[in-house]
Every structure is written in structure tokens, then in C-alpha cells.
J.: 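Please find one structure pasted underneath; my questions will follow.
The basis for the numbers below is simple: all heavy atoms, side chains too, and nothing from hydrogens, waters or symmetry mates.
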Amino acid sequence: MRKVADCRDFPSETKCTLAISGEEDEVVRAASEHAASVHGHTDSPELREQIRSMLKDEVPQHA
């Protein structure tokens, strides 16, 4: 099942609307890189685990 990380679930000063979807490891990697480069977080194992715990299952568009 594909996973989704959506910045809209976590309001920020930048009002970011990015959503990332894909296989779980891909999404965790991309979301942690985004969190570091755009939101100023430190890309760390702790951040990646936090992101992993907040992922949602992607709802297929044809459902």
C-alpha cells in the first residue's frame, strides 16, 4: 500500500501544501529531506521515525 505525507496536516509559517506519496521508505526519505531543506528541521533518525509514524495510507483515486 502506498503511503502519504502531507504538509497540510502540520500547519507551518510557510503554509506548505506539499504532499508526497509512494512506497513507505521513499516517502520517509523524501519527506525528511523536505522537512530539512524547507522547514529547517535536522534530518535525523528521530525525524524519520516521527515522519514514519505519521504516514497515512493513500486512498486510490478510483476507489
Side-chain angles (χ1 to χ4, degrees):
M1 164 120 353
R2 288 168 52 99
K3 299 292 186 178
V4 176
D6 192 334
C7 280
R8 294 173 297 180
D9 292 337
F10 310 97
S12 66
E13 292 177 7
T14 62
K15 297 184 181 13
C16 186
T17 63
L18 181 69
I20 301 168
S21 66
E23 296 298 321
E24 184 171 322
D25 288 341
E26 295 172 317
V27 174
V28 170
R29 182 180 65 247
S32 63
E33 291 171 0
H34 171 75
S37 66
V38 175
H39 298 288
H41 295 283
T42 299
D43 186 355
S44 66
E46 293 81 13
L47 176 64
R48 289 179 182 235
E49 282 309 308
Q50 182 180 19
I51 290 169
R52 189 177 304 277
S53 73
M54 294 186 280
L55 295 179
K56 295 179 181 177
D57 292 340
E58 182 179 65
V59 177
Q61 290 191 5
H62 59 277

J.: I'd like to know if the side chain of E49 reaches the main chain of E46, judged simply by a donor and an acceptor atom lying under 3.5 Å from each other, with no hydrogens or angles considered.
T.: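 Not confirmed, E49 side chain does not pair with E46 backbone.
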J.: Measuring from M54:CE to F10:CZ, what's the distance to the nearest 0.5 Å?
T.: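 The CZ atom of F10 is 4.0 Å from CE of M54, to the nearest 0.5 Å.
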J.: Between atom OG of S32 and atom CD of Q50, what is the distance when rounded to the nearest 0.5 Å?
T.: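 It is 11.5 Å, given to the nearest 0.5 Å.
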J.: What is the distance from atom OG of S21 to atom CG of D57, rounded to the nearest 0.5 Å?
T.: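 Rounded to the nearest 0.5 Å, the OG-CG separation comes out at 12.0 Å.
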J.: For V27 and V4, work out which heavy atoms get closest and say how close.
T.: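 The pair with the smallest heavy-atom distance is CG1-C, 4.4 Å.
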J.: Could you tell me which non-hydrogen atom of E58 sits nearest to which non-hydrogen atom of M1, and how far apart they are?
T.: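 Smallest interatomic distance, heavy atoms only, reads O-SD, 3.9 Å.
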J.: Nearest 0.5 Å, please: how far is NZ in K3 from CD in E26?
T.: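 Output value for this atom pair is 13.5 Å.
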J.: Are any of the side-chain nitrogens in D6 or K56 under 4.0 Å away from the carboxylate oxygens of its partner?
T.: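 Looking at D6 and K56, the cut-off is not met.
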J.: Enter the distance from I20:CD1 to C7:SG here, rounded to the nearest 0.5 Å.
T.: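 Answer for the CD1-SG pair, I20 versus C7, is 6.5 Å.
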J.: Might you point out which heavy atoms bring A35 and L47 nearest each other, and give the distance in Å?
T.: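 Of all heavy-atom pairs spanning A35 and L47, the closest is CB-CD2, 4.1 Å.
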J.: Heavy atoms only: give me the nearest R48-R29 pair and the separation to one decimal.
T.: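 So the two residues come closest at NH1-CA, 3.7 Å.
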J.: Are E23 and R2 close enough for a salt bridge, meaning some N to O gap below 4.0 Å?
T.: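 Looking at R2 together with E23, the answer is no, because their closest N to O distance does not fall below 4.0 Å.
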J.: To the closest 0.5 Å, what do you measure between CD1 (I51) and NE2 (H34)?
T.: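 Rounded to the nearest 0.5 Å, the CD1-NE2 separation comes out at 9.0 Å.
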